[in-house]
Amino acid sequence: MDKIGYGRQYIDVDDIKSVIDALKSDSITQGEYVPAFEKALSLYTGAKYVVCVSSGTAALHILYAALGLEKNQEIITTPNTFAATSNACLYLGGRPKFADINIDDFLIDENNIEKLINENIKIITPVHYAGLTCNMQEIKKIADKYNLFVVEDACHSIGSFYKGSKTGSLEYSHGAVFSFHPVKHITTAEGGAILLQDEAIYKKCFALRSHGIVREDFINTPTSPVYHEMQMLGFNYRMTDLQAALGISQLKKLDGFIKRRQEVAEIYREAFKDINIIMQKKYDDRINSQHLFPVLFESKAIRDKVYYYLKEKNIFTQIHYMPVTAHPYYEKLGYSYKDTPKAYEFYERELSIPMYPALSDEQLDYVIDNIKKAVMS
Ligand SMILES: Cc1ncc(COP(=O)(O)O)c(C=O)c1O
């Protein structure tokens with residue numbers, strides 16, 4: 001069997017044609033494709049404003065900045081995430097705080113948030129890990145009580161739903177971010193997007209994406225020939241038109257991708273119901289768009305055994321995630337894995353098994369068969 005990874009992009013002839021068309025267009029960055037992709041994402045999610053950027057990390061960085069996160073201010077997020085969620089806070093001189101997770105749904109436990117709140121906290125950033133949305137109603141309640149912003153790190157969860165509202169519609173938050181890294185639901189090779197409802201925050205993100213320089217008529221009604229002026233210290237976080245062209249073409253296929261991911265998830269759930277592994281909890285009022293399929297084994301020893309067994313069979317799984325509190329860099333900053341013991345226990349027992357739309361039935365059978373054999377070996 002050919003190599004099977006835990007995730008993989010799906011690129012077809014339409015994607016290739018779309019990028020070639022963009023290559024032949026007048027401008028290959030900041031031309032017509034980026035605004036067209038932003039409009040398509042706005043239509044898909046229901047967000048009023050969308051700013052496409054060069055990565056999910058860039059999206060988090062400038063969204064935190066646009067919300068006014070400053071030196072020594074704090075965010076609250078989950079330790080079970082890619083480090084970018086909290087790194088973006090460090091970039092601004094802020095200090096992330098980590099609320100431990102639930103061991104059944106693998107998401108931030110909203111009951112651990114309130115005790116971390118003090119006068120420095122500015123933002124709560126739930127991460128919809130693996131494609132399952134967090135308890136947004138409770139998180140919004142806490143944020144409203146203390147007048148905090150909510151940023152959804154939705155890098156795993158485009159196309160998911162919470163109580164009937166689509167991720168990105170921002171019913172429970174001030175903004176959301178997507179990543180279009182190749183293992184995500186749709187890809188632009190590298191890329192990300194910020195979704196917003198508020199015009200003032202949108203204008204800041206728009207400016208911060210490109211050095212803080214904007215056309216005068218973006219801010220004021222021009223009184224003289226239009227010029228570009230630097231309003232704030234920004235970055236070069238622009239998405240190119242080539243990336244946006246790929247994004248536009250990928251987005252057309254997104255619902256089909258999600259459908260296959262959900263099918264794969266159901267096949268796994270059925271296949272593993274009689275063996276001793278824990279799968280992510282299902283909720284009646286949430287629809288998981290299945291970026292990952294994380295499973296928890298009984299112990300670290302069994303998890304490690306399965307990992308190596310599968311590797312021998314050309315099946316490459318991965319661990320998502322080492323808790324951010326446990327990374328050596330964070331330890332140097334004074335954090336410890338002991339701060340978030342459930343996330344650490346999760347990390348020791350977890351594996352993300354293959355989950356992507358191009359996974360064939362034959363490959364899926366092969367993966368399931370080998371996982372069962374590995375557990376029993
Ligand atoms: C939860 C989460 N947040 C943020 C990011 C950062 O996105 P990017 O890789 O596009 O910078 C990722 C990407 O892996 C992620 O999984």
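Note that ligands are numbered from 1 as they come in the structure, with each ligand's atoms numbered from 1 the same way. Along the sequence shown, residues are numbered consecutively beginning with 1. Predicted model only: the values in this text are computed from it and were never measured.
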Using a strict cut-off of less than 4.0 Å between a Lys/Arg side-chain nitrogen and an Asp/Glu carboxylate oxygen, indicate whether [X] and [Y] qualify as a salt bridge.
X      : Y      : answer
Glu114 : Lys145 : yes
Asp100 : Lys115 : no
Lys300 : Glu350 : no

request  = Please name all residues satisfying ring-ring contact (aromatic ring centres under 6.0 Å, His included) with His211, sequence neighbours left out, ordered by chain then number.
outcome  =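 ring-ring contact (aromatic ring centres under 6.0 Å, His included) list for His211, sorted by chain: empty.
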ask   = Residues in ring-ring contact (aromatic ring centres under 6.0 Å, His included) with Phe180, at least two apart?
value =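 By the ring-ring contact (aromatic ring centres under 6.0 Å, His included) rule, Phe180 matches Phe37.
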Neighbouring residues of ligand 1, heavy-atom cut-off under 4.0 Å =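 If the criterion is a heavy atom under 4.0 Å, then ligand 1 touches Ser55, Gly56, Thr57, Leu60, Thr81, Phe82, Ala84, Thr85, Val127, Asp153, Cys155, His156, Ser179, Lys184, Gly191, Tyr321.
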query = With sequence neighbours left out, which residue pairs that include part of residues 293-313 fulfil the ring pair (Phe, Tyr, Trp, His ring centres under 6.0 Å) condition?
reply =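 Qualifying pairs, neighbours excluded: Tyr268-Phe293.
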